[in-house]
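Quick notes on the structure that follows.
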Amino acid sequence: MTSLREGEAELLDDLLHQNAVRFRKGRRTMGLIEPRSGEQAKLLLTLARAGMKGLVRVPHDPTRAAALHRTFKDWLEERDRVLNQLIGERTGDEELQERVFGLVTQQLALT
């Protein structure tokens, strides 16, 4: 079980941390997760960027983690496509569309 932190998530792959996910607020590091595989790291990064916080379980098997990552990413892209379509049907103002999309996705954050 892994705990996703507050802050901007980024993939970290350097000499000290291989396939890690770092959480930052500004220049300050809020947390670091070092999963067992790159597939787990990609899944955790996508979950964090989708707004999920707190404890999450990810598959230990890299093949299953990669399959879950693809499935979740596809679902997220479809959700965003539908939201953009619905918002676009209600207003033609692109700036307003962006603001509404941001507010709606914030409310839909996976906590």
Side-chain angles (χ1 to χ4, degrees):
M1 198 174 282
T2 303
S3 180
L4 297 179
R5 309 286 200 296
E6 293 288 327
E8 186 70 29
E10 63 183 357
L11 198 57
L12 185 62
D13 193 7
D14 59 19
L15 292 173
L16 300 175
H17 307 98
Q18 187 174 4
N19 299 320
V21 180
R22 177 172 52 189
F23 296 86
R24 300 181 84 166
K25 277 193 176 179
R27 302 180 102 195
R28 185 172 177 212
T29 297
M30 304 303 288
L32 183 72
I33 299 172
E34 297 185 72
R36 296 180 182 185
S37 69
E39 289 77 12
Q40 287 178 327
K42 291 174 188 173
L43 175 58
L44 289 169
L45 180 67
T46 301
L47 291 171
R49 288 184 174 169
M52 184 173 272
K53 302 284 185 257
L55 295 175
V56 295
R57 290 179 183 252
V58 294
H60 289 285
D61 177 31
T63 306
R64 290 185 62 211
L68 181 58
H69 180 244
R70 277 191 306 276
T71 301
F72 182 74
K73 197 169 181 181
D74 290 345
W75 174 82
L76 201 59
E77 289 171 358
E78 177 66 12
R79 181 200 74 175
D80 290 350
R81 186 191 66 72
V82 169
L83 281 175
N84 278 319
Q85 178 184 352
L86 292 171
I87 293 167
E89 290 172 358
R90 283 153 180 79
T91 181
D93 184 348
E94 290 183 15
E95 185 178 312
L96 181 58
Q97 289 176 2
E98 288 178 25
R99 285 187 13 225
V100 170
F101 181 80
L103 291 170
V104 170
T105 54
Q106 187 177 24
Q107 290 297 313
L108 294 176
L110 306 167
T111 54

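This structure is a prediction, so every number in the text was calculated from the model and none was measured. Residue numbers run from 1 in the order of the sequence given.
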Using 0.5 Å steps for rounding, measure from the [atom1] atom of [X] to the [atom2] atom of [Y].
X: T71; Y: K73; atom1: OG1; atom2: NZ; value: 12.5 Å
X: L103; Y: Q106; atom1: CG; atom2: CD; value: 6.5 Å
X: L68; Y: T63; atom1: CG; atom2: OG1; value: 12.5 Å
X: K53; Y: R5; atom1: NZ; atom2: CZ; value: 11.5 Å

Can you tell me which residue among E95, R90, Q97 is in a side-chain contact (heavy atoms from CB on, under 4.5 Å) with D93?
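That would be E95; it is the only one of E95, R90, Q97 passing the side-chain contact (heavy atoms from CB on, under 4.5 Å) with D93.
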Side-chain polar contacts of residues 16-28 - donor-acceptor pairs under 3.5 angstrom, sequence neighbours left out - could you list them?
{"unit_1": "R22", "atom_1": "NE", "unit_2": "E10", "atom_2": "OE2", "d": "2.7"}
{"unit_1": "R22", "atom_1": "NH2", "unit_2": "E10", "atom_2": "OE2", "d": "2.7"}
{"unit_1": "R24", "atom_1": "NH2", "unit_2": "R27", "atom_2": "O", "d": "3.1"}

Hey, mind stepping through Q85 and E89 against side chain to side chain contact (heavy atoms under 4.5 Å, CB included) and telling me if it holds?
CA-CA 6 Å; Q85 178 184 352; E89 290 172 358; 3.4 Å; yes
Is there a path of hydrophobic side-chain contacts, each under 4.5 Å between heavy atoms of I/L/V/M/F/W/Y residues, joining [Y] to [X]?
X: L76; Y: L86; result: no
X: L45; Y: L32; result: no
X: L4; Y: M30; result: yes

Just to verify, what does R36 make a side chain to side chain donor-acceptor pair (under 3.5 Å) with, not counting sequence neighbours?
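H60.
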Taking the side chain as everything from C-beta on, heavy atoms only, tell me whether [X] gets closer than 4.5 Å to [Y].
X: V58; Y: P35; result: no
X: V100; Y: T91; result: no
X: E78; Y: R81; result: yes

Inspect the surroundings of CD in E94 and state if more than 12 heavy atoms from other residues, nucleotides or ligands are less than 6.0 Å away.
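Check fails, neighbour count at 12 or below.
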Shortest non-hydrogen separation from A66 to E39 and the atoms involved:
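It is CB-CG, 3.7 Å.
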Over all atoms of both residues, closest heavy-atom pair of A65 and L43
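Here A65 and L43 meet closest at O-CD2, 4.1 Å.
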Side chain to side chain donor-acceptor pair (under 3.5 Å) partners of residues 40-50, not counting sequence neighbours, each pair once:
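Residue pairs with at least one partner in residues 40-50: T46-H69.
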Decide yes or no on side chain to side chain contact (heavy atoms under 4.5 Å, CB included) for L108 and L83, but give the supporting numbers first.
CA-CA 11 Å; L108 294 176; L83 281 175; 4.0 Å; yes
